[in-house]
Amino acid sequence: MTAKKSAKKLTSGKLPQSKPYEEGKWAAEFTRGKGERRNWLMKSEPDVFSFDDLIAAKNKTTHWDGVRNTGARNFLRDGLKRGDRVFFYHSNAEPSAIVGICEVVKEGYADSSAFDPKSDYYDAASDAAHPTWFMVDVKAIDRLKRPVTLPEIKASVALANMALVRVSRLAVVPVTDTEWDIVVEMSRQG
DNA sequence: GCCAACGTTGGC
DNA sequence: GCCAACGTTGGC
């Protein structure tokens, strides 16, 4: 899949600097107890790659490539672990909504689209020996019984602190266990 | 299509 | 290293 269709021009000549996680805003997302499973949300524009496309893909699995934002990159490289659960979110959609559940089946590895000069996601600064950009493989597990829309999420007091709402423009964001359960419960109730 | 939020770039 | 200009995301 590709995260979105618009071509990117990436001309940075060096690896983006990022602060050590323990100092960063998302520090807690990079540590976990033994055997702990975390939850995430990943955004895709359905016109480009929808949850139906993932269901139709071989093994219901895709490389989640094309993410070109250092915050999201850090999550892909170091945050998402095999077995973590992921909400599949349709962005720029009518309406934007969480539509399905996936599982991480392969942890962060080099995003090869950055190496392909013909790709919209080509980045001359990233090479195989020292990749700048990373991707994971996700597998579709379940479609939600019904989509849980962004307006609903915003209207929910219990979900007011979701990273999805608090920090827009991040293609990969963490989801707490509580938030996960609330969203799933909402999807079960008409 | 507009624009707010915010990340990135580059001049100094 | 600061910060203004610029670019991108994505809701509306």
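To find a chain, count down the sequence lines: A is the first, B the second, and so on, and within it residues start at 1.
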CZ (R82(A)) with more than 12 external heavy atoms under 6.0 Å: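 Counting other residues, nucleotides and ligands, CZ of R82(A) stays at 12 neighbours or fewer.
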Phosphate contact (dG11(C) OP1 or OP2) by Y89(A) side-chain N/O below 4.0 Å: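 So the side chain of Y89(A) is within the cut-off, an N or O lying under 4.0 Å from OP1 or OP2 of dG11(C).
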Short side-chain N/O contact to dT9(C) OP1/OP2 from K43(A), under 4.0 Å: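 False: K43(A) side-chain N/O out of range (4.0 Å or more) of dT9(C) OP1/OP2.
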Euclidean distance, atom [atom1] of residue [X] to atom [atom2] of [N] [Å, nearest integer]:
X	N	atom1	atom2	result
L164(A)	dG11(C)	CG	C1'	11 Å
H90(A)	dG11(C)	NE2	C1'	17 Å
M42(A)	dG10(C)	CE	C1'	17 Å
D120(A)	dT8(C)	CG	P	12 Å

Aromatic centroids of W180(A) and F87(A) separated by under 6.0 Å: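 So the answer is yes for these two rings.
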Ring centers of F115(A), W133(A) separated by less than 6.0 Å: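 Distance test on ring centres: not under 6.0 Å, no.
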Going by distance alone, is a donor N or O of one side chain under 3.5 Å from an acceptor N or O of the other, for [X] and [Y]?
X	Y	result
N39(A)	D84(A)	no
S113(A)	R68(A)	yes
D52(A)	S50(A)	no

Check: protein-nucleotides 3-7 of chain C nitrogen or oxygen pairs below 3.5 Å:
none

